[in-house]
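Whatever order the structure lists ligands and atoms in, that order sets their numbers, starting from 1.
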Amino acid sequence: MATPKKNLYGLSLEELQEVLIAEGEKPFRAKQIYAWLYAHKVTEIQAMTNLSKDLRARLEAGYVIEPPRVAARHVSSDGSVKYVFDAGEGRQVEAVYMPMEKGITLCLSSQVGCAQDCSFCMTAQMGFIRNLSPGEIVGQAAVITQEKAVDGPFNLVMMGMGEPLLNLQNLIKALDIFTHKLGFDLSPKRITVSTSGHVRNLEKLGEYPKLPRIAVSLNATTDEVRNEIMPVNLKWNIRELIDACKRLPISQRDRITFEYVLLEGVNDTPADARRLVRLVSNIRCKVNIIPFNEMEGLDYKQPDLETIERFRQALNKSGILNTVRWSKGRDVGAACGQLATPVAKRGAHLREKLHV
Ligand code: SAH
């Protein structure tokens with residue numbers, strides 16, 4: 001039986017060098033292939049016109065270029081688009097294209113499903129299926145920017161399905177490609193990695209030389225509430241998380257983002273606002289208040305506008321920079337916490353919830 005062709009898409013510069021050495025070629029050609037893959041985003045080996053015809057033919061015999069395949073697109077009335085990618089074995093992952101005031105932002109997934117089990121998030125209902133490879137992470141951005149003809153720099157947020165810091169190795173390989181001059185050439189400042197609060201891996205990411213922006217999903221101001229809604233808090237509590245944030249080597253000009261999903265009657269009281277101020281006031285940060293996106297099967301409610309405004313005013317009064325983030329793409333299930341696709345294991349149960 002013929003051995004299946006290997007996928008070049010997602011390989012690092014070093015891995016491409018190994019491919020070339022195995023072909024008896026000079027390793028410097030790896031840079032050429034790297035630029036074709038990640039800067040020019042070609043999907044045919046034949047398109048790599050600065051490689052000899054002979055090398056192209058040999059590569060074609062053993063390799064393909066296969067970024068993830070789009071299974072569906074859902075266009076929102078607000079201009080955002082939810083892309084559903086095929087993840088094999090009947091699984092799917094989602095990414096969201098969002099035209100914002102300051103340009104294009106893409107929200108990418110890092111895992112199929114999620115193991116975090118946050119009680120307010122639909123992705124949690126899928127359970128954890130697997131980590132995405134570097135090519136599957138980078139490919140979401142490549143496919144969308146090609147299709148949407150995004151020209152020039154854009155912003156990336158790792159806020160789709162999954163916990164990026166639980167797929168740290170592949171996340172870092174993807175960040176290498178996003179930030180490499182011969183790759184996407186994005187400034188690390190344009191990339192935000194969001195975590196539910198994995199202190200150990202947050203510290204490891206802090207050692208990465210091209211540190212992206214960091215967002216932390218805080219979502220509660222007491223361990224009692226956070227334990228309840230985010231089980232990761234049982235491992236690293238609020239104090240440990242905040243201390244880790246203080247130690248991150250963030251540049252003087254930059255800020256950490258704290259995400260705070262407002263859940264009616266759970267974490268939206270004036271006392272919560274006061275505690276939040278105390279927790280973050282010694283950190284250069286901004287708070288993103290995200291009014292909970294209500295969904296079938298999740299027993300929380302979005303606070304009324306007055307409560308949201310009161311919460312925000314309390315932060316304002318204490319000089320805590322903040323914004324209220326109304327999620328995009330709600331009408332197509334693309335908003336924060338809505339990314340979930342029915343799967344076989346818990347499929348029936350979930351399909352019922354999702355009405356599909
Ligand atoms: N696992 C990472 C990356 C996912 S980011 C993390 O936890 O940060 C997804 C963001 O959406 C998180 O800040 C989360 O708190 C928020 N979110 C999840 N469910 C939501 C919902 N139903 N409504 C509003 N925001 C939600």
Side-chain angles (χ1 to χ4, degrees), residues 82 93-96 98 105-129 131-132 137 140 155-168 171 174 191-199 201-202 205 212-221 225-226 228-233 235-236 238 241 244-245 256-264 266-268 276 285-303 308 311 322-330 333-340 353-354:
K82 178 166 86 169
V93 286
E94 300 174 343
V96 188
M98 294 176 286
T105 296
L106 305 183
C107 174
L108 306 184
S109 291
S110 55
Q111 299 180 317
V112 188
C114 189
Q116 298 309 94
D117 218 17
C118 300
S119 60
F120 48 82
C121 180
M122 213 60 200
T123 310
Q125 311 274 335
M126 294 173 67
F128 172 70
I129 293 138
N131 282 330
L132 292 180
I137 297 173
Q140 297 168 59
N155 300 311
L156 276 182
V157 295
M158 296 301 305
M159 296 186 186
M161 286 180 180
E163 168 50 49
L165 296 193
L166 284 184
N167 187 13
L168 189 61
L171 173 76
I191 305 175
T192 302
V193 172
S194 181
T195 178
S196 60
H198 277 267
V199 167
N201 286 0
L202 189 56
L205 182 63
R213 291 214 149 113
I214 303 293
V216 173
S217 299
L218 188 57
N219 295 343
T221 60
V225 173
R226 200 166 189 268
E228 185 77 22
I229 64 175
M230 299 185 72
V232 64
N233 200 67
K235 186 141 192 192
W236 289 288
I238 294 180
L241 178 56
C245 290
I256 291 190
T257 299
F258 288 105
E259 292 145 294
Y260 196 92
V261 181
L262 267 190
L263 306 165
E264 185 186 85
V266 177
N267 62 2
D268 63 345
L276 181 56
C285 71
K286 95 172 169 237
V287 174
N288 275 352
I289 301 168
I290 315 174
F292 173 66
N293 289 309
E294 294 182 8
M295 277 163 273
E296 286 272 342
L298 297 183
D299 285 337
Y300 298 102
K301 284 211 154 50
Q302 184 174 101
I308 297 172
F311 199 87
N322 66 83
T323 44
V324 176
R325 279 252 179 281
W326 294 99
S327 296
K328 287 195 160 275
R330 287 184 67 155
C336 299
Q338 286 190 316
L339 301 187
K353 285 187 176 175
L354 294 173

Asks: I need the nearest protein heavy-atom contact for atom 16 (C) of ligand 1: residue, atom name and distance, please.
Replies: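 Residue, atom and distance for the closest contact: Val261 CG2, 3.8 Å.
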Asks: Pick one of side chain, backbone, both or neither for how Met159 approaches ligand 1, counting any non-hydrogen atom pair under 4.0 Å.
Replies: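 For Met159, backbone and side-chain atoms both sit under 4.0 Å from ligand 1.
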Asks: Does Cys118 come within less than 4.0 Å of ligand 1, judged by its heavy atoms?
Replies: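 The answer is no, since Cys118 has no heavy atom less than 4.0 Å from ligand 1.
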Asks: Residue-level breakdown please: for Gln116 versus ligand 1, do any non-hydrogen atoms fall below 4.0 Å on the side chain, on the backbone, on both, or on neither?
Replies: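 No part of Gln116 comes within reach of ligand 1.
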Asks: With rounding to the nearest 0.5 Å, note down the distance linking CE in Met295 to CZ in Arg330.
Replies: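 The CZ atom of Arg330 is 8.0 Å from CE of Met295, to the nearest 0.5 Å.
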Asks: At a 4.0 Å threshold, what atoms of ligand 1 neighbour a non-hydrogen atom of Ile290?
Replies: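 This gives 24 (C), 25 (N) as the contact atoms.
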Asks: With a cut-off of 4.0 Å, which atoms of ligand 1 are near a heavy atom of Gly160?
Replies: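 That gives atoms 4 (C) of ligand 1.
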Asks: Does Met295 come within less than 4.0 Å of ligand 1, judged by its heavy atoms?
Replies: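 Right, Met295 reaches ligand 1.
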Asks: Counting only heavy atoms, tell me which of Pro291, Ser327, Ser217, Cys107 gets closest to atom 12 (C) of ligand 1.
Replies: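 That would be Ser217.
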Asks: Would you mind checking which non-hydrogen protein atom is closest to atom 19 (N) of ligand 1, with the distance to 0.1 Å?
Replies: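 Looking at atom 19 (N) of ligand 1, the protein heavy atom closest to it is Gly337 CA, 3.0 Å.
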Asks: Which heavy atom of Leu339 sits nearest a heavy atom of Ala334, and at what distance?
Replies: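 Scanning both residues completely, I find the closest heavy atoms to be CD2-CA, 3.9 Å.
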Asks: Using distance alone, determine whether Phe120 and ligand 1 share an N or O pair under 3.5 Å.
Replies: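 Among all N and O atoms of Phe120, at least one is under 3.5 Å from an N or O of ligand 1.
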Asks: Which option wins on minimum heavy-atom distance to atom 24 (C) of ligand 1: Leu298, Asn293, Leu263?
Replies: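 It is Asn293 whose heavy atom sits nearest to atom 24 (C) of ligand 1.
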Asks: Identify the protein heavy atom lying closest to atom 21 (C) of ligand 1, giving its residue, its atom name and the separation to 0.1 Å.
Replies: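 The answer is Cys336 O, 3.3 Å.
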Asks: Is it true that Ser110 and Glu163 share a donor-acceptor pair across their side chains at a distance under 3.5 Å?
Replies: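 There is no such pair (donor and acceptor under 3.5 Å, judged by atom type) between the side chains of Glu163 and Ser110.
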Asks: By number and element, which atoms of ligand 1 are closer than 4.0 Å to a non-hydrogen atom of Cys121?
Replies: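 Under 4.0 Å from Cys121, ligand 1 has these atoms: 18 (C), 19 (N).
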Asks: Just to confirm my output: which protein heavy-atom neighbour is closest to atom 10 (C) of ligand 1, and how far is it?
Replies: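 Answer, as residue, atom name and distance: Glu259 OE2, 4.0 Å.
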Asks: Can you confirm, on distance only, whether ligand 1 has an N/O atom lying under 3.5 Å from any N/O atom belonging to Gly162?
Replies: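 For ligand 1, there is an N or O atom that lies under 3.5 Å from one belonging to Gly162.
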Asks: Just wondering, are more than 12 heavy atoms of other shown residues or ligands nearer than 6.0 Å to CD in Gln302?
Replies: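 Correct, the count exceeds 12.
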Asks: Rounded to the nearest 0.5 Å, how far apart are CG of Leu171 and OG1 of Thr195?
Replies: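 Result: 10.0 Å between the selected atoms.
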Asks: By number and element, which atoms of ligand 1 are closer than 4.0 Å to a non-hydrogen atom of Ser196?
Replies: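 That gives atoms 6 (C), 7 (O), 8 (O) of ligand 1.
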Asks: How long is the straight-line distance from CD1 of Ile308 back to CH2 of Trp326, given to the nearest 0.5 Å?
Replies: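 If I round to the nearest 0.5 Å, the distance is 3.5 Å.
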Asks: Does some side-chain heavy atom of His198 sit less than 4.5 Å from a side-chain heavy atom of Leu168?
Replies: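 Of all side-chain heavy-atom pairs linking His198 with Leu168, none is under 4.5 Å.
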Asks: Identify the two heavy atoms, one from Ile137 and one from Ser109, that lie closest to each other, and give their separation to 0.1 Å.
Replies: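 In this case the closest contact between Ile137 and Ser109 is CG1-O, 4.0 Å.
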Asks: Ignoring hydrogens, what is the shortest heavy-atom contact between Ala124 and Cys118? Give both atom names and the distance.
Replies: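 For Ala124 versus Cys118, the nearest heavy atoms are CB-O, 3.5 Å.
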Asks: Any chance you could measure Glu294, atom CD, to Glu264, atom CD, to the nearest 0.5 Å?
Replies: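 Rounded to the nearest 0.5 Å, the CD-CD separation comes to 8.0 Å.
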Asks: Please verify the inter-ring angle class for Tyr260 with Phe311; under 30° counts as parallel, over 60° as perpendicular, anything in between as tilted.
Replies: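 Tyr260 vs Phe311 ring planes: parallel.
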Asks: Considering the heavy atoms of Asn219, write down every atom of ligand 1 situated less than 4.0 Å from one of them.
Replies: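 Contacts of ligand 1 toward Asn219, numbered from 1: 15 (O).
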